[in-house]
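Just so it is clear, the model here is predicted, and its values are computed rather than measured. A, B, ... follow the sequence lines: proteins, then strands. Residue 1 opens every chain.
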Amino acid sequence: MLRLHDTATGTVRPLELRDPGRVSMYVCGPTVYEVPHLGHGRFTLVFDVLRRYLTFRGLEVVHVSNVTDIDDHIIERAAHEGRTEPEVAAEYEASWWAAMDALEVLRPTAVPHATRYIPGMVELVGQLVARDVAYETDDGVYLQVDTVDGYGLLAHQPLESLRVGARIEASEQKRSPLDFALWKKAKPGEPTWPSPWGDGRPGWHTECVVMSLDLLGDGFDLHGGGQDLIFPHHENERAQAVAAGRTFARHWLHNGWVMVGGEKMSKSLQNFTTIGDLLARGDPRAYRLLVLRSHYRRPIEVTPETIATAGRGLARLDALARRLALPDPMSGVVVRDEAVAAARGGVDDDAVARFCDHMDDDLDTPAATADVFDLVNRAHAAADEGDAEAARRLGGSVALLCGAMGLRLRSGVGDLDEPTRQLVDRRDAARRVGDFARADALRGELLAAGWTVEDGPDGTVVRR
RNA sequence: GGCGGCGUGGCCGAGUGGUUCAGGCAGGGGCCUGCAAAGCCCCGUACACCGGUUCGAUUCCGGUCGCCGCCUCCA
């Protein structure tokens with residue numbers, strides 16, 4: 001059984017499913033006003049790995065992730081650039097999906113948009129007002145947090161301590177500085193929707209509450225995101241749901257930061273690297289492997305050096321895939337029992353079990369990837385000893401487990417362009433007749449063109 | 001001020017009350033190779049500091065120092 005850290009309890013505990021065999025998870029998606037950066041890349045990779053692993057274990061996964069397409073940042077950007085909010089949102093949503101596709105992050109099973117759920121949000125706010133836990137002011141409707149049972153659950157702080165630490169000034173009409181907006185009354189020039197409290201727009205992530213409950217139902221299994229969402233974002237989501245008498249997420253999962261030089265990567269510090277920049281520099285799989293090689297709750301340092309190191313690990317995986325002609329583990333979503341049954345050369349059951357033990361232990365991907373690299377070593381050693389059967393079994397396990405984590409193997413050398421093809425052929429010819437000076441010169445040309453040259457029993461293989 | 005996390009060998013990064021080792025990268029030596037590449041074998045350097053518990057602590061407890069984060073809109 002999979003055990004995961006739960007932010008609400010601060011402990012690692014079993015993921016107890018509401019519906020046996022089926023996981024309902026809501027992962028907070030992007031507010032589309034900026035291109036995605038490595039922090040977004042990390043959380044989407046973490047939850048993609050979780051989703052793939054759950055699927056690997058034979059569970060059905062319903063993965064809902066929102067797109068918040070209306071908020072202050074979008075309004076600000078649209079105003080600044082003389083465009084409409086929908087134009088801005090559409091542009092950055094497109095860049096979001098482009099990045100997700102490049103990272104081979106599976107699309108969520110549902111992607112609700114905030115602007116399509118406004119009536120539902122108005123209804124929720126109405127319920128909260130009717131329950132007398134929310135109140136209207138001149139500029140909006142606010143949730144009165146001291147009426148909410150267990151406010152501070154995720155922050156692990158009592159209400160009073162949050163109040164003392166609050167950096168925000170109490171407005172004259174707010175009853176507590178911690179009370180937060182459920183509905184913001186329109187200011188001139190802003191997009192608006194009608195409501196009983198006048199035209200305006202939704203407040204604090206009410207969309208996530210309404211959309212998660214609508215698509216996943218009360219008491220859904222898992223709610224997640226980056227650690228910076230714990231408070232106040234997720235705290236306030238929970239507060240709204242609980243105040244409305246609904247049962248919210250059963251388990252809260254949050255991933256750690258991407259760090260830059262020891263500091264958190266964030267928009268406010270302006271120290272972020274976009275996913276686009278990362279992709280322009282190298283293999284997108286390197287970021288996935290880097291993420292896998294650290295525990296999801298720990299911070300990771302993402303630099304050209306750490307990416308390059310991950311890239312060398314990738315080369316090691318690819319080299320095995322090439323040597324043993326392993327199947328592409330990403331030709332479909334990998335389900336363990338089916339994949340094991342389909343594996344022609346068999347798999348190493350002990351290794352798969354060990355991998356699962358590690359993954360079940362709060363998604364210990366560093367240990368799980370170590371398991372995989374251990375298999376790589378054993379597969380090579382078996383092949384060196386001429387034990388083709390063992391090599392195929394161990395190699396097949398590598399492919400299986402990489403697939404379970406969403407890591408594609410590149411075994412093929414691909415089609416060569418004609419000039420390269422000719423260089424390779426001429427080099428093989430030279431080597432056959434023992435003209436090594438000529439062979440070395442031709443290798444020099446290939447290396448200069450960026451190819452790595454390997455001479456195997458069947459002739460020269462080049463790759464890059 | 002409140003709350004939380006972290007300090008492991010050159011780097012990244014698991015793990016455990018003791019005599020089997022995480023794993024990867026980098027480094028050294030060998031094997032293979034026409035030479036390489038890929039691969040295999042072998043090797044080195046650890047558990048921030050100070051106390052305590054214990055037969056024995058990197059692992060448990062207490063303290064010190066250092067780093068990081070959250071406390072109203074940052075994944």
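- Look at R354(A) and D350(A) and you find no salt bridge, because none of the NZ, NE, NH1 or NH2 atoms lies under 4.0 Å from a carboxylate O.
- At the heavy-atom level, H73(A) lies under 4.0 Å from the strands shown only through sugar-phosphate atoms.
- Summarising the geometry, the separation between CG on D228(A) and P on U72(B) is reported as 13 Å, rounded to the nearest angstrom.
- Considering only side-chain N and O atoms, N377(A) lies under 4.0 angstrom from the phosphate OP1 or OP2 of C40(B).
- Contact annotation: R354(A) does not reach the phosphate of A22(B) (side-chain N/O to OP1 or OP2, under 4.0 Å).
- Separating the P atom of C49(B) from that of A57(B) is a span of 14 Å, rounded to the nearest Å.
- You'll find that the side chain of D440(A) is closest to C35(B), out of G24(B), C35(B), C74(B).
- Of the candidate nucleotides G24(B), G39(B), U72(B), G39(B) has the atom nearest to the side chain of A319(A).
- Pair assignment for G39(B) gives C31(B), based on Watson-Crick or G-U wobble hydrogen-bonding distances that are each under 3.5 Å.
- Using a 4.0 Å cut-off between charged side-chain N and carboxylate O, E160(A) and R163(A) make a salt bridge.
- Checking the phosphate oxygens (OP1, OP2) of G39(B), a side-chain nitrogen or oxygen of R316(A) falls inside 4.0 Å.
- A salt bridge (Lys or Arg N to Asp or Glu O under 4.0 Å) with E454(A) is found for exactly one of R323(A), R443(A), R322(A), namely R322(A).
- Among the protein residues, V258(A) comes within range of the nucleic acid bases, having at least one heavy atom under 4.0 Å from a base atom.
- Comparing the C1' positions of C65(B) and A48(B) gives a spacing of 8 Å, expressed to the nearest Å.
- Side-chain atoms of R323(A) and base atoms of G39(B) include no donor and acceptor less than 3.5 Å apart.
- Listed nucleotides: A14(B), A75(B), G34(B). Nearest to the side chain of R427(A): G34(B).
- Among the heavy atoms of the strands lying under 4.0 Å from S161(A) are primed sugar atoms or P, OP1, OP2 only; no base atom is included.
- RNA chain B is contacted by both Q157(A) and Q227(A); Q157(A) maps to the nucleotide lying nearer its 5′ end (nearest heavy atom per residue).
- The side chain of F231(A) lies closest to C71(B), out of A14(B), G23(B), C71(B).
- Residue G10(A) is classed as having no contact, given no heavy-atom separation below 4.0 Å to the nucleic acid.
- In the set G2(B), A75(B), A14(B), the nucleotide with an atom closest to the side chain of K264(A) is A75(B).
- Residue contacts for M259(A): at a heavy-atom cut-off of 4.0 Å it reaches the sugar-phosphate backbone alone, with no base atom in range.
- Comparing C60(B) with U16(B), their P atoms sit 9 Å apart, to the nearest whole Å.
- Taking atom CD of E301(A) as the reference point, atom P of G69(B) lies 11 Å away to the nearest angstrom.
- Across all strands shown, D179(A) has heavy atoms under 4.0 Å from base atoms, whether or not it also approaches the sugar-phosphate.
- The partner of G51(B), taking Watson-Crick or G-U wobble pairs whose two distances both stay under 3.5 Å, is C61(B).
- A salt bridge links D283(A) with R410(A); the closest basic N to acidic carboxylate O contact falls under 4.0 Å.
- One cannot find a donor-acceptor pair under 3.5 Å joining the base of C73(B) and the side-chain atoms of N236(A).
- Looking at heavy-atom distances under 4.0 Å, H380(A) makes contact with sugar-phosphate atoms alone, never a base.
- Atom-to-atom, OH of Y142(A) to P of U72(B) comes out at 15 Å; the value is rounded to the nearest Å.
- Shown here for M121(A) and P202(A), the closest heavy-atom pair between the two residues is SD-CB, 3.6 Å.
- Of the candidate nucleotides C40(B), U72(B), G34(B), U72(B) has the atom nearest to the side chain of P232(A).
- Closest to the D364(A) side chain, of the nucleotides G23(B), A14(B), C73(B), is A14(B).
- Between atom OG1 of residue T109(A) and atom CG of residue L216(A) there is a gap of 7.5 Å, rounded to the nearest 0.5 Å.
- Straight-line distance between the P atoms of A14(B) and U8(B): roughly 11 Å, to the nearest whole Å.
- Using a 4.0 Å heavy-atom cutoff across all strands shown, D384(A) reaches sugar-phosphate atoms only and no base atom.
- In this entry A22(B) has no Watson-Crick or G-U wobble partner, no candidate having both defining distances under 3.5 Å.
- One can place CG of L446(A) at 16 Å from P of A37(B), the figure rounded to the nearest angstrom.
- Under the Watson-Crick and G-U wobble criteria, each requiring two contacts below 3.5 Å, nucleotide C6(B) is paired to G66(B).
- To the nearest angstrom, P of A75(B) lies 15 Å from CD1 of I300(A).
- Proximity note for A381(A) (side chain, C-beta onward) versus G34(B), C40(B), G13(B): the nearest is C40(B).
- Comparing C40(B) with G23(B), their P atoms sit 13 Å apart, to the nearest whole Å.
- The residue R297(A) sits apart from the nucleic acid: no heavy atom pair falls under 4.0 Å.
- By the 4.0 Å N-to-carboxylate-O rule, D48(A) lies close enough to R52(A) to be salt-bridged with it.
- Under 4.0 Å is where a charged nitrogen must lie from a carboxylate oxygen, and between R427(A) and D455(A) at least one such pair does.
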Between the protein and nucleotides 46-48 of chain B, list the N/O to N/O atom pairs that are separated by less than 3.5 angstrom.
none

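- Under the 4.0 Å criterion applied to side-chain N and carboxylate O atoms, D139(A) and K174(A) are not assigned as salt-bridge partners.
- Using P as the reference atom, G44(B) and G28(B) are 16 Å apart when rounded to the nearest Å.
- Counting atom types as modelled, R443(A) pairs a side-chain N or O with a base atom of C35(B) as donor and acceptor under 3.5 Å.
- In this structure, R293(A) reaches the sugar-phosphate backbone alone: every heavy-atom distance under 4.0 Å involves primed, P, OP1 or OP2 atoms, never a base.
- Taking atom P in both G39(B) and G24(B), the straight-line distance is 11 Å, to the nearest Å.
- The shortest heavy-atom contact between A239(A) and V148(A) is CA-CG1, 3.8 Å.
- Here A75(B) is the nucleotide among C35(B), A75(B), G7(B) with the atom lying nearest to any side-chain atom of H37(A).
- Here F436(A) lies in heavy-atom contact (under 4.0 Å) with a base.
- Between K184(A) and D72(A) there is a salt bridge, with a side-chain nitrogen of the basic residue lying less than 4.0 Å from a carboxylate oxygen of the acidic one.
- For a distance-only test at 3.5 Å, the side chain of R312(A) fails to qualify as a donor-acceptor partner of the base of G23(B).
- To the nearest angstrom, C1' of A75(B) lies 11 Å from CE of M265(A).
- Between R201(A) and E190(A), at least one side-chain N (NZ, or NE/NH1/NH2) sits under 4.0 Å from a carboxylate O, which counts as a salt bridge.
- Picking from C25(B), C73(B), C6(B) the nucleotide with the shortest atom distance to the side chain of H205(A) gives C73(B).
- If you take atom P in C11(B) and the same atom in C47(B), they sit 13 Å apart, rounded to whole Å.
- Here W204(A) packs flat against the base of C73(B); its ring centre is closer than 5.5 angstrom to the base's six-membered ring, tilted by less than 30 degrees.
- Atom-to-atom, CG of L269(A) to P of C68(B) comes out at 12 Å; the value is rounded to the nearest Å.
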